[in-house]
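First listed ligand is number 1; within each ligand, the first listed atom is number 1. The residues of the chain are indexed from 1 along the displayed sequence. Being a predicted model, the structure only gives us computed values, none of them experimental.
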Amino acid sequence: MLHLPTVKKDLGDYIDAGFPILYVYTCEETKVDRYISSVAGRKKVLEWNGSEGLVDFKTKAAKNIGRDQSLETTLSFLKNGRELDRTLLVIKDADAQLASEETLGPSESSRVTALLKEIARKIRKPDGGIDATVIIVSSVLHIPQTLEKLITVLELELPDEEEIKSIAANFIKNNEISAVPLEFLEEMVIAFKGLSESEIEDLLSLAIAREGELTRETLKLIFDQKQQMILKAGIIEMIPLKESIEDIGGLENLKDWLQKKAKVFKDIKTAMEFGVTMPKGVLIAGVPGCGKSLSAKAAGKLFDVPLLRLDMGRLMGKYVGESEDNMRKAIQLAEAISPCVLWVDELEKAFAGIGNGGSGGEVTTRLFGAFLTWMQEKTSAAFVIATANDITKLPPELLRKGRFDEIFYVSLPNKDERSKIFQIHLNKRRKEDVHKIDIDRLVTETGGYSGADIEGVVSESIEGAFVKGNTELTTDDILGCIHNTHSLSEIMKEPLEEMMKLYEDRKFKKASR
Ligand code: ADP
């Protein structure tokens, strides 16, 4: 399971325990430098970076090791071990050299990785290897396959509320800005959550440059910046809030439940003071075309927060580590934007192939681990709505208590629900004709139809009437369309029946009343 150790808690221990290569995944080099200095103790620290080659870690002054300062030459120079004894070797800007062979061609990347491998072996040698640790600092997670087993990834956690407070306080002191009221500072701290130290400092500087002081405008700036972050990352998409809870026909149990959670969510501070736990999220599974996505979309408006959709397809990267990298970015973003609803669409697609062996299977297994851990430990106000058509493809751990607050299953709409779905879609398009249409008749004729089937019938019959040059829509138009339609349950009767039985057996909650 992928649960990354963190720089703050674990860096010192991993160095002491003789782990040969640590990979610190962050874009905050200055902050990592501080941590490295604090754990170095009596060890020497060397740094190689892309612009200067080998430098003194503290002063960043170049060390002369000859004409060629490339990483390859530096590692060849260091590999005999003498120079490395009792040393932390920090490597920065090495993404290109560490990128997989697929992007670089075998020569360059494999020479650097071979040298790293050789050094790691010397560190690990059982009868007293060299006392050194290689620390790779990078903002991307490209781990060459050949080094996978030798590398331990550490994450630099984002600042917590206390740290944000002290970053802001330091900024205010260093820039001689007039102090802000405590209450405002607290609001700002919440708004800054999910941003890195340097992002926070940049935003504070920007606010000062614009306003000369920290004002309400600063809060707006922070929110705008968070929106920018989503757009840039591209794995998460921001969905406009169009659908509302009234657009869902039926699914009354699910709607009631969502309404209760919305009430908590909208007043989360008071709710938590009262003792309510932070809502985690819900898994909505079941028959395709019956309102799962629709419910996720409507939840955004209901909760009155941004709705983010996580595209699992885009998340799966080509390179080792890339998918996890994306998953982590997505999670960080969702936390940064929170309070928000994070809609994870077609969950089963992303997690198909778990435990299959093979490298693809391994990636999904790790991805899945990261997701599970996050769900388990999540305390942020990012409410997850995962939707899935087929839960038999989902690993059982996901369905255990503690991940989601509830699991609902959606089946084909019953009579009452079909009637509501007809009314919703007819009202949307031909409001003037609804009162003349015999909805009961339509309901009787559409047993086994999904919500999407019904929507299809409505839109097709309206188009048909228009093309024929009619001035209104009639019950017969719609009936004609129904008779030409193959409903979902006709097409996949048996799998649907099996699925329903499975949900009943597992005692998941029914979305319909
Ligand atoms: P899925 O369950 O596969 O996520 P969707 O929610 O995307 O299905 O449904 C597809 C479309 O069918 C919706 O956009 C909506 O127009 C219609 N639909 C499905 N279920 C309902 C429903 N319960 N009430 C109203 N419309 C529905």
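The ring of F408 has its center no closer than 6.0 angstrom to the ring center of F508.
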Output, or 'none' if empty, a list of ligand 1-protein atom pairs in which both atoms are N or O and the distance is under 3.5 Å, rounded to 0.1 Å.
unit_1, atom_1, unit_2, atom_2, d
ligand 1, 2 (O), G289, N, 3.4
ligand 1, 2 (O), C290, N, 3.2
ligand 1, 2 (O), G291, N, 3.2
ligand 1, 2 (O), K292, N, 2.9
ligand 1, 2 (O), K292, NZ, 2.8
ligand 1, 3 (O), G289, N, 2.7
ligand 1, 4 (O), S293, N, 2.8
ligand 1, 4 (O), S293, OG, 2.5
ligand 1, 6 (O), G291, N, 3.4
ligand 1, 6 (O), K292, N, 3.3
ligand 1, 6 (O), S293, N, 3.3
ligand 1, 6 (O), L294, N, 3.0
ligand 1, 8 (O), G289, N, 3.4
ligand 1, 16 (O), E455, OE1, 2.9
ligand 1, 20 (N), G291, N, 3.1
ligand 1, 23 (N), G249, O, 2.9
ligand 1, 24 (N), G249, N, 2.8
ligand 1, 26 (N), H425, NE2, 2.9

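A salt bridge is absent between K260 and D256; no separation between the charged side-chain nitrogens and carboxylate oxygens falls under 4.0 Å.
For K436, the salt bridge (Lys or Arg N to Asp or Glu O under 4.0 Å) criterion is met by D433, E472, not counting sequence neighbours.
Heavy atoms from other residues, nucleotides or ligands lying under 6.0 Å from NE2 of H483 number more than 12. The 12-atom threshold is exceeded at CZ of R513, counting heavy atoms of other residues, nucleotides or ligands nearer than 6.0 Å.
Between the side chain of T218 and the main chain of L214, no donor-acceptor pair closer than 3.5 Å is present.
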